[in-house]
Amino acid sequence: MVYTDESRIICRVLDQHPNTTQKRLSFLVSPTLTAKEFIEQVSTQYSYEKFDLVLEINNINLNEHLNEKLTSIGIELKKQNILKLSPPSNSNSSSSGTSKSVMIKKTASKNRSSSNTLDLKQSESHKIVPKTENTQPKMIVNDAEITEQQQKINRGIAIETEISSDLIGSDDDLALGASASPTEQISNSNSPPALPALFDTPANIYDKPSSSTNTFRRCNEFSSSKSSFVGLVNQAMTCYLNSLLQALYMTPEFRNALYNWEFDGTGESKSIPFQLQKLFVNLQTSNKLAVETTDLTKSFGWDSTEAWQQHDIQELCRVMFDALEQKFKNTKQADLINNLYEGKMIDYVKCLECETEKSREDTFLDIPLPVRPFGSAVAYESVEEALKAFVQPETLDGNNQYYCEKCNKKCDAHKGLKFKKFPYILTLHLKRFDFDYQTLHRIKLNDKVTFPQQLNLNGFIESKGNNSMDQTAAAAAVKPNIDIVSIGSVESAVKSDDCSTTDSVLDEEASQYNQQLNSHNGSEPQDDDEGIDMSVNGDCKSLMSNSTSIDSSNATGPFFYELFAIMIHSGSASGGHYYAYIKDFESGNWYSFNDQTVSSITQEDISRSFGGNGAFKSYYSGFSSSTNAYMLMYRQQDPARNTLAIKEENFPPHIKALVEKIKNYEEDDRRKRERESEMLKLKIYFKNPMTRIKTDAKVFAISDSSLKEVLEDAYSRLKMKSIAPIERCRLVAYDNPSDSIERSFEDMDDEKIGDIMYKLQNRLELLMEFRDENSEFEVYHIGGITTKVYQLHLDGANVDIDGPFEVRAYEQKSVSEFKLAISKKMNLSKSKMLLATKRYGEKPTILNDEASVKSQCIYGGTKVFMTLDDSDEENFKSAVDEMDNILTLYFALPNSKKETLEKLSIPSYEPSTPSSLTSSGIDTVDSVAFNVPCSSECNSEDSSLSDSDRTLVDDSNLSTMQVSPPLRSIRHYQTDANGNDETTYFFKAFSPNQSSNSSGSNGSIDSGNENDDETTDATSESQKILKVLADRRMSVNKLKMKLQPYVKIPMEYFKIFHVLAAQTENECTQLSASLNTAFKDEERLVIELGRALRKGEFKVKLYYLNVAEMTDIEKLPFICDYILRESAEVGQTKREILAHIRGLDEKYEKLTFEKTRLRKKSWKSPAQIYTDDQKFGDDIIITVSASPDIIIQELPNEEANLKDFDGEPLNDDSKSLFVRQFYPSKMELGKWDEIMIGKYSELKSILSKLSGIDVENIQYTKLTRSFVNTSIMQIDGLPWFDKPASMDDNHTLSGTPDGSVYLYKDKTEPVKRLTTEERMEISKKENAITSTTSTYSPRRERGLKIYLDSPKKQDS
C-alpha cells in the first residue's frame, strides 16, 4: 500500500477492555489533528462512552491534552505509535469526579430509516463490533447526519481494523476486510466526505428504486459458501465451453429470448437451440450440483474425441453465435444475436491535406484489445487505455502515403477505426495469446490490465452539435448510485504500479515501521493487521474496478456499461483451464463458475484477475501469475431494456412442458438407476481344459432373472459355442481365491438368480462347466471340498503317475464313500483301490475306509494318491513318498514348423543315441549349465530370434552338447564323473487333452521321433499345450534339456516365461534353481523361441557410422542386436561382427577389417574408440547393468586406424573429435569431419588445413553433449575462442573425451541478418528434423467447428 501523503501518522490502538472481540485498530491520521478530534474518531469504532487513550511510549493520556495536536503530545511521524485504550481510571467513581475522559454524546435521528443501520444480529454473527455487557454496538450514521466538523475529521483519517485471531480461521475468512486503502486528505471543503469505514455494495438499481441513503456492512459477508446455482460437468477438456455457457445463461436478455423460442419438434438431437434451451432449463430447475452438456455437444456434431480438444473461448463464442443465427432464421429470434451483441464501427481513411474522409461501416460482435502495443514489452495499464489505442489512427506517410482522389496525388492520411454504436452486451477480448518472433513460439501475456466495473464509452462516440466530454452534470444524472467526484478524486490521488495485493493493509509500510519499532522496543511481537475496507474494492488500484474511467467520466450518452462476466484463463499458450466470474443481476453478488463448482467470490478475487505480479500469487512469488481475465462482458445500463431472468412460475407454456418432460426423464432415469443398483454384478469363470487358461466375463443380471437366462448370457460372453453346446454347460457356485466349488444347482434353472446367490457364501462368482456328450454332471452338495487325486502305476521298480484329477469329497463322509466318488469320476473299480496321503515331514499314511475324510486330514487341495495295482502297502507308501515331489506344469509351445525354424536360422533338435551318454562319462546337462542374473535386459528379449542370436552360437559348444532322448521309462538317470548313479528324477510329458493312461506305455508320449506330432497337432494352433509331470527337485536347466524333444529345437534356442497378470510375461532366467523355487504347482508357462544368454555373455545393440554420410550425429543407423562375450578381444569380435552383418545388407559387404573400428556409443553419440588388442570385461567395462552399445565405424582409408591428422602414430593420448564448419553469412553448417589429434597437435592449425581459412581467423567453440543439435539461429551467440589449443598446453582440450563436437568459423565472415520469414522457415525445417526423435509430442489442435446439418466429418 502507498500513502498519498508521506506526513501521515500511523496510530495503533490496543483495546485493554476485558472480553473484547476487537483487540487492535490501526489509524492513518493527519498530524494536524488534535487529541480530542482523534479520540472522537476512535470512539466511532467502539461502543464505550468513556475510555482512556494512553500513548505507550511516554505513558501520556490523550484525555489530558485534548486541545493539543498529536505531534506535540509525543506522537511521531514515520513510526508506529502504540496507544492503549482502557476503561477510565475512575470508572467506578461518581460522575462528578475530576476525570477528564471524554464523554461521547450518542444521538440518533428518530426518523432514521432502518435501512441506514446495521442489522444487530448480522453484526453479532460476524463479531465485528465489540460488545460489552448491557451495551449495544454503535451504529454508523448517515452522511447527512455527520457534522461538518466530523466530516473534516473523517477526511483526515483512515482506519484499519484487527479482529481477534480466535474468531478467524485464516486471512481468507476476512474476504474484503483483509485489505484497505487510505483516503486522500482533501482540502476542498465542498468535497463530499470520505467513504465510511463500513459499507454496503449498492443495491441493484433495477431491483428497487434507489435511495439517497446507503446501508453499510462488512465486506466479508461475501462468503465462499455453496450457491444456489448449478454447475456444468466437464466432459474432459470442455471448461472453455462451460464458462461461455454459464455467461450466456446468466445474461437475462439472452436466456429470456431463448425461452421464448419454441421448438418445432423436428430433429431434437440435432437442434442446437433446443438443446441449449433444455440445458438452460436444467440449470434453472435442476436439483443436481452439476448437469451434463453431452446432449448439446452432440447437437454440434461432435463425438467423444472433441471432449479432449481444448479451444479458445472467444473462438467458440463466434462459432456458436454463427450456428445460432443459422438456426434462428425465419423465427422471431432471427435478430437475437445482432440485437444483443452486434455493434457498429467505421473503418475510415482521412486525407490530412483536404480532410476528405472515406469510410465504410462494419459490424462487430466483440472488440479484440491487444494487451501490449505491437513490438512493445510494456502492457496497457487498463482496458480504457487499450480502447483508446484501438481507435488511435495510423498515419500513412512516406512510402505508405494514401492516394487522395480529391487532391489527385498521394498525401499523408489517417487510417483507423471509430465506433458508431456499441452493442447492448459488450464483449471485450483481451488478446493475451501472442507470437514471439524471437523464439518463434506462441506465448501468453500475463501482464496486469485493469478493467472497471462501471464503464463509460460515450467518449468514444462522436456527438453532433455537442461536446460530449463537457457534460459532467448530465453524465452524473445518467449514472445512478455513482459518485464521480469522490471516486474519481480517490483514483487520481492513489497512483501505484502494484497495489493489487492479497496481503493485509499497511503490510508493506507497516513492515518498515515495525523494523524501526522493533529496533527500539522488542518487547511486543508484531501481529498482522486486519483492515476495515475504506475503498470500494479493498485495494487502491481496484478503485478503478468500481469506477468509471476518469478520462471519459464526463461524457454523456447512452453507453454506460456494467461488468457482469469475466472469463478467466489459467495456464500457458499451449493449454490451461477456463472458468468464469459472473454477477447475478438479481442479488448483485458475484460467483465463480468453475465447471461443477459454483461458489461466491469477493471483489478482491475480481481484482486478482487483472493479472500481473499481484494476481493469484504466493506471498514470496516474484513471477507473474498465469491466471488472468481473458474475456469480459458488459451490459448496457438502460432501464428500458434491463430486465431480470424469467422465474420458473412465469415460464412460457412450452418451457413448462419441457420442464415436465425433463422431470419425467429424470424420474425414469432414477428408477433405472435404482433397478441397476439392484442388479447383480456377477463374474463368471471358465477353465479351458485344452489351453489351461482361466478366463472370466462380467455379467450384469437383474435379480429377477432366472439362472437359465444368466447361463445364456455367460455362454455368449465366454464364447463357449466352439467348445460345447449350451445343453452341455452349466453354472456352479464358485470361489476364485480358494479355487473351490461350493455347490451345483440341480433343477433350479427357472429360479431367480437373486434368490440363488443370496444363499451362497460368495455371492458374486460362478464357474462355467461343460460335460462330454455321453457323460453326466456330477452333483456338488454344500460342504464339499476339492481334492487332487493322482493315480500311481506300480510295475516293479518303475512307478508311473497320472493326474491330478479333481474329485469332490465331503469331510463328514467315510473314506469308503470317497473311494466310490473317485471310481465314478475316473471310471475305475474300487475293489482293489488303495488311498494314501503324505503330510510335510511325515511318512505316507494309508487311508482307513471306515474313518471320516476329515479325520484322515483331507482338506481342500490335498494331494491324494491312489493305486489299483496288486502291491503291498509298503511298496505303495514308498512310491507315494517318491511321487509326492511331483510338480504339474503346463507349457504353451511355440511354432516349431520347419519353415519357421529355417527363417530364423534355428537348427532342429537331433536326439543323441543312448550310447553317447555313457561314452561321454559326464553329466551332459551340467556341462552347459549357467546362471544368468535377472535384469531388464534379459527380460525384454524378443520372442523371435534376432540376427545376432543366429550368428553368436558357437559351433564348438554345440558339438560338445549331448542330450538325453525322451525315454518311455518313467525314470531318467544321470551319472557322475565316474559313471555312478547320481540322481533319479521323474519326468513325463503329454498333451493334456489326451488320456495319458489309455496307451500301452502308461500314457507317456514318445516325442523323440521327428514325425511325431501328437503333442501339438491334436489341437488347434492356439492350443498347443504340453503337460509335464516332473520332480520338483530337478533344476530348470535339466527341465529345458528334457523339453527339447517336445519343443523340437535345442535347449539354448528357447526360453521359458512366466505368465503374469494382464497376460504379461517374465522370463525365467535362474536356470540353476530347482523347479520347487522357480515354479508353482499347476502353473501355466510359455516357451518362446530365442537365444538364451550364457554366463559371461551380454546383449548389446550394434550401430553403423560413416562420417562422410553422416547428417545427424545423434541418428546413427541401427544394425541388429548382438551378444558380446566377456574376455573376447575387440579385434576378434570385429571380425565376427563383419562376418555377420555382411549377410544382412549389401552396403556392409564392402567393409573390411582394416578400414573399420569399433567404438562405444554413449547416449546418442559416438564416444570412446576401442583398439583391436583390448578385451571386453578386462579393458572395457561391460556388465549386465552397464553394457555399452557398440558402433562399427567405416573409415575412409586404412591409415585412419593408424595415424593422426599430423601423420603421427596413434597412441593412448590420441583424441577423436568431430568438427563442422559454420558459415555465418549463409547461416549454414558444412559437412561433418572427424580428426584424430595427438598430444602435440594444435587444433586451430588442423582446422586451418582442413578448411583453408587462415589460422589467425579461425574461431572455434565446443558443443556440450546435450546441445549437439543446437539451432542454427543460436550458434553465433555461443562462446567462440580464437586462442591456440593443444592437449599439451590446453587443459580443456586434454580433458575432452573421444567423440566431442567442435564448430569452427571464419571470424571475418559477416553474420547474416535473418528476416522473420527466414527464421520461421529455418525453425520449421529444424522442427521437422527433431520431431521424429522428440520425446514430447504436442497434441495437435483441431479447428473448432459446429456441424449444422450433417454429422462430424473427418478432417482432411
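Because the structure is a prediction, the values reported are computed rather than measured.
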S.K.: If we only count heavy atoms from C-beta on, is the Y734 to L766 side-chain gap below 4.5 Å?
M.R.: no
S.K.: Could you list all the salt bridge (Lys or Arg N to Asp or Glu O under 4.0 Å) pairs where at least one residue sits in residues 769-781, not counting sequence neighbours?
M.R.: R730-E769
S.K.: Does E842 CD have over 12 foreign heavy atoms under 6.0 Å away?
M.R.: yes
S.K.: Mark yes or no for whether S706, through its side chain, and D750, through its backbone, hold a donor-acceptor pair below 3.5 Å.
M.R.: no
S.K.: Do T867 side-chain atoms and D869 backbone N/O form a donor-acceptor pair below 3.5 Å?
M.R.: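 Checked: pair present.
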S.K.: Among residues at least two apart in sequence or on other chains, which ones pass salt bridge (charged side-chain N to carboxylate O under 4.0 Å, His left out) with K687?
M.R.: D739
S.K.: Taking everything shown except D872 itself, do over 12 heavy atoms lie less than 6.0 Å from its CG?
M.R.: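 Yes, because the 6.0 Å sphere around CG of D872 holds more than 12 heavy atoms from other groups.
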S.K.: Determine, for K843 against D881, whether the closest basic-nitrogen to carboxylate-oxygen distance falls under 4.0 angstrom.
M.R.: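 No, this pair does not count.
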S.K.: Output the distance between atom CG (N798) and atom NE2 (H793), rounded to the nearest 0.5 Å.
M.R.: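 Those atoms lie 12.5 Å apart.
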S.K.: In terms of the angle between their ring planes, are F686 and F770 parallel, tilted or perpendicular, with boundaries placed at 30° and 60°?
M.R.: tilted
S.K.: Give a yes or no on whether the backbone of I684 and the side-chain of K698 come within a donor-acceptor separation of less than 3.5 Å.
M.R.: no
S.K.: Spell out, as yes or no, whether a donor-acceptor pair under 3.5 Å connects the side chain of K854 to the backbone of I858.
M.R.: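 It does not hold such a pair.
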S.K.: Nearest 0.5 angstrom please: R763 CZ to I753 CD1, how far?
M.R.: 13.0 Å
S.K.: Quick check: does any side chain N or O of K752 sit under 3.5 Å from a backbone N or O of S703, one acting as donor and the other as acceptor?
M.R.: no
S.K.: Around F777, counting heavy atoms of other residues, nucleotides and ligands shown, do more than 12 lie under 6.0 Å from its CZ?
M.R.: yes
S.K.: Using a strict threshold of under 4.0 Å (side-chain N to carboxylate O), is an ion pair present between K1040 and E1052?
M.R.: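 Answer for the salt bridge query: no.
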S.K.: Taking the side chain as every heavy atom from C-beta outward, state whether E806 and V789 have any pair of such atoms under 4.5 Å apart.
M.R.: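 Not touching, per the 4.5 Å side-chain cut-off.
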S.K.: Look only at the side chain of E742 and the backbone of Q761, and say whether a donor-acceptor pair between them is shorter than 3.5 Å.
M.R.: yes
S.K.: Distance-only, no hydrogens or angles: does the K988 side chain make a donor-acceptor pair with backbone N or O of I801 under 3.5 Å?
M.R.: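 Side chain of K988 to backbone of I801, a donor-acceptor pair under 3.5 Å: yes, one is there.
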S.K.: How far does OG1 of T695 sit from CG of L718, to the nearest 0.5 angstrom?
M.R.: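 One finds 5.5 Å between OG1 of T695 and CG of L718.
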S.K.: Counting distance only, does the side-chain N/O of E1088 pair as donor-acceptor with the main-chain N or O of K1055 below 3.5 Å?
M.R.: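 Absent.
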S.K.: Checking Q1044 side chain against M1051 main chain: does a donor-acceptor pair fall under 3.5 Å?
M.R.: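 The answer is yes, because a donor-acceptor pair under 3.5 Å joins these two groups.
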S.K.: Would you give me the side-chain donor-acceptor pairs under 3.5 Å for residues 809-818, sequence neighbours excluded?
M.R.:
residue : atom : partner : partner atom : Å
Y810    : OH   : H781    : N            : 2.7
Y810    : OH   : R808    : NE           : 3.3
S814    : OG   : E817    : N            : 3.3
S814    : OG   : E817    : OE1          : 3.4
S816    : OG   : K830    : NZ           : 3.1
E817    : OE1  : S814    : N            : 3.0

S.K.: Just checking R839: does its CZ atom have more than 12 heavy atoms from other residues, nucleotides or ligands closer to it than 6.0 angstrom?
M.R.: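 It does not: R839 CZ has 12 such atoms or fewer within range.
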S.K.: Roughly how far, to the nearest 0.5 Å, is the CE atom of M866 from the CG atom of L835?
M.R.: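 Atom-to-atom, L835:CG and M866:CE are 7.5 Å apart.
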S.K.: Please check this pair: side chain of T1077 against backbone of S1074, looking for a donor-acceptor N/O pair closer than 3.5 Å.
M.R.: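 Yes; judged by distance alone, with no hydrogens or angles, the pair exists.
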S.K.: If I take atom CG from residue L889 and atom CD1 from residue I1056, how far apart are they, to the nearest 0.5 angstrom?
M.R.: 8.5 Å
